[in-house]
Structure formats: structure tokens, C-alpha cells
Undergrad: 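Sharing a structure here in C-alpha cells format.
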Amino acid sequence: MKMVYQVEDKPKFGQILVFAFQQLLAILAATIAVPMIIGNGMSVASALFGAGVGTLIYVLFTKAKSPVFLGSSFAFLGSMGAAFAGAISNAAGFAGLILGAVMAGLVYVVIALVVKFAGVGWINKLMPPVVIGPTVALIGLSLAGNAVGDLQKGSFLKGVEKWVIADNGLPEKIVEQVPTANVFVALICGLVTLVVVTLCSTYGKKMTKLIPFIIGILAGYAVAAVFTIIGILTDNPLLMVINFEPIKALWADGISLSTFISVPEFTFVKAFKGVKGIDGGYIATIAMAYIPVAFVVFAEHVADHKNISSIIERDLLDQPGLHRTLLGDGIGSMVGAFFGGCPNTTYGESVACVAITRNASVVTIITTACMAIIAAFVAPIVAFLGSIPSCVMGGVCMSLYGFIAVSGLKMLQPVDLNKNRNLFVASVILIAGIGGLSLTFGKVTITTIATALILGIIMNLILSKEKAE
């Protein structure tokens, strides 16, 4: 696939801003989803800031040769939950988030040193295309449920009372926030987004072809806004797709500086108050929750970089080198968590955006990172991004996640699947991954993708050994 803009290219200033905003939209949903899932007072704006800072550090370590954005890692959800669950206070939990990210980052540093002196030959033997290809495909396929789920719901919520069984075994009434929009209304908005994205990417000319996600999101948002306005005027919640409350809240108390500028609640500020709550037992809990997951995410790091290498037709494991990408990812994750609490990871959405738009310019990635940092302080931007309904982002993610899956399958093209050895390795990875196989050891969970990858590596080693004999 020929790039319109290669890694070292610098588009015009106006184009860079548009391309960067598109990248920001592509990584937005996943980046802010992690702090929203964890809760406990975590800040979405801080996570966005941390992702931007972490990406700049990654670009620095990779000598601006790898067009990858770092965002909040879903692999560490269980680890982050354990940090709060094992803490004596919420502030101590925030301190645990930073401590855990440092531990995970140090794992990357150690592996980077090993790679620096031992080279990457052993990794290529351990994870050849027959292993990496299906694994990359799984990254996209594993997210399919998220995309389809989002495609069918809006962001306008209402409280619904329901009874649940509490931890003490007694029934308890809670209020659950559920989307009000009719599934078919949300589906229309999402499909409009998807169709516009695909039409612009396939038949668009010049800039239209380079910014399909921006055009698609704006089209989907416009349709959703029409439905929502009609729903408000007719008092019909089934047509209300967009929740405009975050935007209206900006001037609810009048126009002031806070209407335009807001300082994120950085993790290190909250963590400072909980440092005294950290003891040896808690440190051990954090280590067990974070360090094993870091080894697992390392495999996904390799898979993502092999994927982007195949797209831009440059081996990033050779130049700038796997040791540099690991250092950038590890150090960037530490610093990102210091501000936002979330360990960062290379984003498949970013890779897919590069592939679909054929824009691999690192300048675009740098600008996206700066834009994420600035956006974290600009209240109207945070409010607008937060108001984009799930169905619209679901339409975008349908194409992004699908492209990740297809990219993995393309990596299998040079593999001879007529050979049983290759056929069994790929089959084991795909079935284990699609089947949802995962392993849990106490508070440590090896994700489905990582489990499938480990099984694939073992199967490949066993069958390669038999062939050698």
C-alpha cells in the first residue's frame, strides 16, 4: 500500500491540523473509556493529557521514525482495579496507579536492554508471520463486540431503577443509567457515519480521501442532532441520541473563565495525598497486578509494530529498532500514568487510521499528541468530544477495527497454509482468541489475545521442532 505521506513527510500546516484532529477522533473513544470504566474519580481529561505526553516521549525515543500514538491500555484494567481495591484510601489507590505504571514500564526497559544486546532475531523466530498475522487479526476481531454494541446506542441517558443483590446478600435498589434512543435510530446514525467514511476513503479526492473519519463523524453527528432535536421538541426520548448536557453545563452558571479553560485533575496531585498509605504488602499487591501483564502487553507491542511495519513497508523492529520502541512505550507509559493514571500502549486504532488514510507522517502524530494535551485544558473541546454519541463512534470503529483484522490476515499472505504446520498454528490462535480463552491467576488475568498468542508460539515451536527432526 503506497503512502500519500511517508514517515518523514511534512504536510502543509493547515492539513496537519486537520489530519491530527482526525487521529485524535480515532483514538478518543478507547483513550477516555479506561478512566470511565475504572471510575474512583479518575479524570478523562487527565487521561487525554497523559496519552499526549506519553506519545511525545515515544516519538522522542524512536527518533520520529514510528507513526504510532499511545493511548490508555485496556490490558491493565484489572491491574488498575486491584490498585484501588487493595488501597486503604482512594488517594492511596491513585499512588498505586503511578507505582504500578512505573513497575510495568521498567519491565519494558529491561526487555529493551535484552533486545539491544541480543538483537531481534530470536523474536522473529519466536513470532513469525504465521503467529503474528492471526494475532493482529484477533486484535481487531476482539473489539468487534464493542463496535457493534456502540453502534446500537446513543449518549442520551436516563435513570432506571432496578433491584440487585448487594454484597451482604440483601436486595438493594440502584439507579442505572441507560440509553434512551431507539436501537434503530442509533443504528441509522452509526451506519450513516460508516457509509460516509467508506465513500470518502474509497472515492474521495485529495483532502476528502485523507480525512474520511472527520467527515463521517460530522455527518453522523448531524443526523443524530436532527433526531435529538425532534425528540426534544416532541418529548420523545426514543429519538434522543445526543446528550447535550456537557455542552450546556459550560454556561449553566454564566459565562466565566471556567467556561473555556479547565485544569484536569492530574493523578499525581491526588496520589501525593495517599503516599503514606503505601506499605510493603500493598507494593507486593501492585507488583503482582502489573508486572505479569507488562510481559503480556510486550507481545502485543511486537504485533502492533509488525503490523504498522507491513503497512508503511519499513521494518520498525530494525529501524529505529525494537529496543527504542520498547523504551518509548515503557517510559511514555510511566509519564502518561503520572498525569493520567492509565498505562499507555500502542493503539491499533491509530495504526488503522494510518493505513486507511495512507498518512504515516510522524509530524501528524506529534501534532495529535500536542492537540490531546491542549484539548485536556479546553472545556468546550472536552465537552464536544464527550457529546459524540456512542453510535457515531461505533460507525467509525466498525471500519477501524475491521481494518486491523484485515491487516492481520494480509500478513498471512506469504504463509503457505497448505502445510499442516502453518494451518494448525493459525487455527489454534484464531479459535482460542475468538472463543475468548483467557487465564486468571489471583488478581492477574492474561488477556484473550495474549493467551492465544502464547498458545500459537508454543504450537509453532513444537511443530517446528518436529520438522527439524
Side-chain angles (χ1 to χ4, degrees), residues 1-29 31-32 45 48-49 51-60 62-71 192-222 225 247 260-261 308 311-312 347 349-388 392-393 395-396 399-400 403:
M1 178 182 294
K2 184 178 179 181
M3 294 288 107
V4 176
Y5 292 103
Q6 253 301 350
V7 173
E8 64 280 352
D9 292 338
K10 297 179 181 179
K12 295 178 181 178
F13 180 73
Q15 292 179 322
I16 291 175
L17 294 179
V18 177
F19 296 155
F21 185 62
Q22 177 169 247
Q23 268 278 355
L24 184 64
L25 291 175
I27 59 88
L28 177 69
T31 298
I32 67 175
L48 199 59
F49 183 94
V53 173
T55 299
L56 291 179
I57 291 174
Y58 173 85
V59 171
L60 179 65
T62 56
K63 296 183 176 181
K65 293 182 178 180
S66 179
V68 174
F69 190 94
L70 302 186
V192 166
T193 304
L194 175 62
V195 170
V196 172
V197 167
T198 55
L199 288 176
C200 289
S201 181
T202 305
Y203 302 109
K205 304 296 182 181
K206 298 181 179 180
M207 279 295 290
T208 303
K209 194 179 186 69
L210 289 168
I211 56 169
F213 298 117
I214 291 180
I215 299 174
I217 288 175
L218 291 177
Y221 195 95
I247 298 176
F260 306 98
I261 304 296
I308 189 67
I311 291 170
I312 65 176
Y347 257 24
E349 291 92 335
S350 175
V351 174
C353 188
V354 168
I356 293 174
T357 62
R358 294 188 292 171
N359 175 17
S361 169
V362 173
V363 174
T364 298
I365 300 296
I366 294 173
T367 307
T368 304
C370 294
M371 196 172 284
I373 292 172
I374 295 171
F377 291 91
V378 182
I381 293 179
V382 174
F384 169 72
L385 294 178
S387 73
I388 298 176
V392 171
M393 293 308 300
V396 171
S399 58
L400 285 175
F403 213 90

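The figures that follow rest on heavy atoms only: side chains count, while hydrogens, waters and symmetry mates do not.
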Undergrad: Using a 4.5 Å cut-off on heavy atoms from C-beta on, say whether the side chain of S350 contacts that of I365.
TA: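 Yes, close enough: below the 4.5 Å cut-off.
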
Undergrad: Got T193 and M393 here, is their nearest side-chain heavy-atom distance under 4.5 Å?
TA: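 No - every pair of side-chain heavy atoms lies 4.5 Å or more apart.
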
Undergrad: Between V7 and V362, is a side-chain contact (heavy atoms from CB on, under 4.5 Å) present by the stated rule, with each step listed?
TA: CA-CA 5 Å; V7 173; V362 173; 3.4 Å; yes

Undergrad: Compare all side-chain heavy atoms of P67 with those of T364 and state whether any distance is below 4.5 angstrom.
TA: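 Not in contact.
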
Undergrad: Measure the CG-CG distance between L199 and L194 for me, rounded to the nearest 0.5 Å.
TA: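 Answer rounded to 0.5 Å: 9.0 Å.
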
Undergrad: Would you call L56 and I373 a side-chain contact if the rule is heavy atoms closer than 4.5 Å?
TA: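 Counting from C-beta outward, L56 and I373 do come under 4.5 Å.
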
Undergrad: Can you name the closest pair of heavy atoms from S387 and I247 and give their distance?
TA: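 Between these two residues, the closest heavy atoms are OG-CD1, 3.7 Å.
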
Undergrad: Taking all non-hydrogen atoms of both residues, which atom of V196 and which atom of G216 are closest, and how far apart?
TA: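 Closest pair (atom of V196, atom of G216, distance): CG1-CA, 3.7 Å.
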
Undergrad: Which atoms form the tightest heavy-atom contact between A355 and I311, and what is the distance?
TA: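 For A355 and I311, the tightest heavy-atom pair comes out as CB-CD1, 3.6 Å.
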
Undergrad: Any side-chain to backbone donor/acceptor pair from T368 onto L24? Under 3.5 Å, distance only.
TA: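 Checking the backbone N and O of L24 against the side chain of T368, no donor-acceptor pair under 3.5 Å is found.
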
Undergrad: Measure the shortest side-chain to side-chain distance between R358 and K209 over non-hydrogen atoms and say whether it is less than 4.5 angstrom.
TA: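 Yes. Closest side-chain heavy atoms under 4.5 Å.
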
Undergrad: Keeping the roles fixed (side chain from S399, backbone from V396), state whether a donor-acceptor pair exists under 3.5 Å.
TA: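 Yes; at least one donor-acceptor contact below 3.5 Å.
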
Undergrad: Sequence neighbours excluded and cut-off under 3.5 Å, please list the side-chain donor-acceptor pairs for residues 9-21, or say none.
TA:
| unit_1 | atom_1 | unit_2 | atom_2 | d |
| --- | --- | --- | --- | --- |
| D9 | OD2 | Q6 | N | 2.6 |
| Q15 | OE1 | Y5 | OH | 3.2 |
| Q15 | OE1 | K12 | N | 3.3 |

Undergrad: How close do A51 and T31 get, heavy atom to heavy atom, and via which atoms?
TA: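 Heavy atoms of A51 and T31 come nearest at CB-CG2, 4.0 Å.
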
Undergrad: Between I388 and L25, is the side-chain contact (heavy atoms from CB on, under 4.5 Å) condition met? List the steps.
TA: CA-CA 10 Å; I388 298 176; L25 291 175; 4.1 Å; yes

Undergrad: With a 4.5 Å heavy-atom cut-off, do T357 and I211 have their side chains touching?
TA: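 No, every pair of side-chain atoms sits at 4.5 Å or beyond.
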
Undergrad: Would you say that I356 contacts V197 through its side chain, given a criterion of any heavy-atom pair below 4.5 Å between the two side chains?
TA: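 I356 does not reach V197 side chain to side chain.
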
Undergrad: Which pair of heavy atoms, one from I215 and one from C200, lies closest together, and at what distance?
TA: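 Closest heavy-atom pair between I215 and C200: CG2-SG, 3.8 Å.
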
Undergrad: What I'd like to find out is whether the side chain of P212 reaches to under 4.5 Å of the side chain of Q22, using heavy atoms alone.
TA: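 A side-chain contact under 4.5 Å exists here.
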
Undergrad: May I have the list of side-chain donor-acceptor pairs in residues 374-381 shorter than 3.5 Å, sequence neighbours left out?
TA:
none

Undergrad: For the CG atom of L218 and the CD1 atom of I214, what is their distance to the nearest 0.5 Å?
TA: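 Output value for this atom pair is 7.0 Å.
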
